[in-house]
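Hydrogens, waters and symmetry mates play no part in the numbers below; they use all other heavy atoms, side chains included.
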Amino acid sequence: MQRVVLFSSAFRAILTGSGGLHSHYFRCNVTRHENVSRTQIRKHSQDQPSNNTVLFSCYSLPHRTLINVSGQDTSSFLQGIITNDMALLEEDAQCAMYAHILNVQGRTLYDIILYSLKGNPDGFNGVLLECDRTVQDSIMQLLKVYKIRRKVTFSSCPSLSSWALLPQNKAAVLEKSKPHVTAADKVLVLEQDPRTELMGWRMITNSQNNPHEIVSACREGNTEEYHRHRYEIGLPEGVKDLPPGEALPLESNLVYMQGISFSKGCYVGQELTARTHHTGVIRKRLMPVTMSALAENLDQGTTLVTEGGKPAGKHRAGIGKLGLSLIRLAHAKEPLKLKSSDGMTVTLEATVPDWWPKNSND
């Protein structure tokens, strides 16, 4: 009798969809019979919308552009000028990688994302280099300077567009849910953002394609929302957040964004970066801040001070009342202030991003 009561309760829970038993039962059941009933399951999902479908916000990234780097010396050429290890892109499990290009003094010139195009049938090969649109010509010139006799070519890609896909459900972010693509032939690249899982996915398509035609359950968002999300979680991107020749890679949290290798061979700017890393002394970091005034009224590079007037860092950039500032860690927990362009005093409060490692000495 007791078994009957227990079975009836469990069956009612399954029918009503309440409790954890429902999801657990069907997850196990689908896994067990996936190979047997794949056709029936796919047909059913097409006929009826799935409750597990993840809704993504798709953001056009007009401030980013792409350069195709190809040729038999592509990997060895880039290995000598970027902070990360090109060998990672040769692994099947990784097709996207974040890195910085440094000057000889070890300061950041450009932040880039590299996408491997191995086995791509659309006429592209080598890698795609994503960078800030305003410095595309400068990067092309830099690549030509370092080329020397390498068998490598560079070309801009005006026919391609970059998109950021962010899950609207926080649980989907943590589970790294992949967007469901309905037109795979229109997608050149679809990879998880290599900097942090909180930045969702990166997609590259032909400029004429619409994300609604490619990704199911997709809502096209305003690019300003994308930047607001970046500043909220404290992730830098582009020349406003990382001023060329001024920003230091380790202060810009390059390690936290998996953008540097300390075991690869030599590259431009390595000496100072490696020495700083091995001494373990980083006194300032780029941190997200909440401000009492709009970021548009604040000048880049304005000095931050504590309540007692001690220098505490410099403001970088932002949108609305969210922004990024380079802050001395000794004063990161204190109320900070700066002068706006109209002479008003603006207060700032820094926070520690959730995606930073929890065991950091800082």
Side-chain angles (χ1 to χ4, degrees), residues 63 100 102-103 105-111 132 134 195-196 198 224 227-257 259-260 269 272-273 275-277 279-362:
H63 61 289
H100 283 190
L102 310 181
N103 62 16
Q105 288 80 30
R107 295 184 179 270
T108 295
L109 288 177
Y110 316 109
D111 65 309
D132 193 302
T134 61
R195 298 169 294 185
T196 170
L198 299 182
E224 184 175 306
H227 290 301
R228 190 178 298 276
H229 172 72
R230 283 200 307 105
Y231 286 124
E232 186 175 10
I233 68 172
L235 189 135
E237 183 179 276
V239 296
K240 289 185 178 180
D241 301 336
L242 302 167
E246 180 180 338
L248 287 168
L250 300 188
E251 292 182 348
S252 303
N253 308 314
L254 186 59
V255 176
Y256 296 169
M257 294 184 284
I260 189 169
L272 176 63
T273 306
R275 185 166 65 245
T276 303
H277 170 71
T279 58
V281 180
I282 301 175
R283 295 185 174 87
K284 293 179 287 185
R285 282 198 180 275
L286 203 58
M287 301 182 70
V289 293
T290 304
M291 302 168 288
S292 63
L294 297 178
E296 291 75 11
N297 297 329
L298 306 178
D299 295 328
Q300 183 176 356
T302 304
T303 301
L304 308 181
V305 296
T306 65
E307 293 289 348
K310 295 182 179 179
K314 292 183 178 180
H315 177 65
R316 283 283 173 82
I319 186 169
K321 294 188 176 181
L322 300 172
L324 286 170
S325 294
L326 185 66
I327 298 177
R328 293 184 180 275
L329 297 176
H331 303 300
K333 296 181 180 180
E334 302 178 29
L336 304 176
K337 58 184 181 180
L338 57 75
K339 291 289 185 180
S340 65
S341 55
D342 55 6
M344 294 184 60
T345 299
V346 178
T347 59
L348 296 87
E349 181 180 354
T351 56
V352 177
D354 293 335
W355 52 274
W356 283 14
K358 303 304 179 186
N359 61 345
S360 171
N361 293 331
D362 298 330

Correct closest heavy-atom pair for S252 and L242 would be OG-CD2, 3.4 Å

Distance col, row L102:CG vs L254:CG, nearest 0.5 angstrom, shows 8.0 Å

Quick note, side chain to side chain donor-acceptor pair (under 3.5 Å) partners involving residues 330-343, not counting sequence neighbours, are H331-E334, K339-T345, S340-D342

Rounding to 0.5 Å, atoms CZ (R230) and CG (L322) come to a distance of 11.0 Å

* Begin from the C-alpha positions of L329 and K284 and carry the test side chain to side chain contact (heavy atoms under 4.5 Å, CB included) through to its verdict. => CA-CA 5 Å; L329 297 176; K284 293 179 287 185; 5.9 Å; no

Smallest heavy-atom separation, A317 atom then D241 atom, equals CB-OD1, 3.4 Å

Note to self: Between S325 (side chain only) and I327 (backbone N and O only), is there a donor and an acceptor less than 3.5 Å apart?
What the structure shows: no

Applying salt bridge (Lys or Arg N to Asp or Glu O under 4.0 Å) to E224 and not counting sequence neighbours gives R228

Rounded to the nearest 0.5 angstrom, the CG-CG distance for L235 and L324 is 8.0 Å

d(N297 CG, M291 CE) to nearest 0.5 Å is 10.0 Å

Contacts of H63 meeting side chain to side chain contact (heavy atoms under 4.5 Å, CB included) (sequence neighbours excluded), chain-then-number -> L61, T223, Y226, H227, E237

Taken in chain and number order and not counting sequence neighbours, the residues that satisfy ring-ring contact (aromatic ring centres under 6.0 Å, His included) with H100 are Y98

Check against side chain to side chain contact (heavy atoms under 4.5 Å, CB included), L336 and V305
CA-CA 6 Å; L336 304 176; V305 296; over 6 Å; no

Is R328 reaching over with its side chain to a backbone N or O of G313, donor-acceptor style, under 3.5 angstrom?
-> no

Return yes if some donor-acceptor pair links the side-chain N/O of W355 with the main-chain N/O of L198 below 3.5 Å, else return no. no

Between the CG atom in N253 and the CD1 atom in I282, the distance rounded to the nearest 0.5 Å is 8.5 Å

### Query
More than 12 non-hydrogen atoms from neighbouring residues, nucleotides or ligands closer than 6.0 Å to CD on Q300, yes or no?
yes

In short, L304 meets L326 closest at the heavy-atom pair CD1-O, 4.4 Å

| Do the side chain of R285 and the main chain of L250 share a donor and acceptor less than 3.5 angstrom apart? | yes

When rounded to the nearest 0.5 Å, the distance separating OH of Y110 from CG of N103 is 9.5 Å

**Prompt:** Okay, side chain of T302, backbone of L298: is any donor-acceptor separation there less than 3.5 Å?
**Reply:** no

Scanning both residues in full, the closest heavy-atom pair of T279 with T276 reads OG1-O, 2.8 Å

With sequence neighbours left out, the residues meeting salt bridge (Lys or Arg N to Asp or Glu O under 4.0 Å) with R283 are none

All heavy atoms of P288 vs all of P353, minimum pair found to be CD-CG, 3.6 Å

By salt bridge (Lys or Arg N to Asp or Glu O under 4.0 Å), R316 pairs with (sequence neighbours left out) none

When every non-hydrogen atom of P249 is compared with those of G106, the smallest separation belongs to CD-O, 3.2 Å

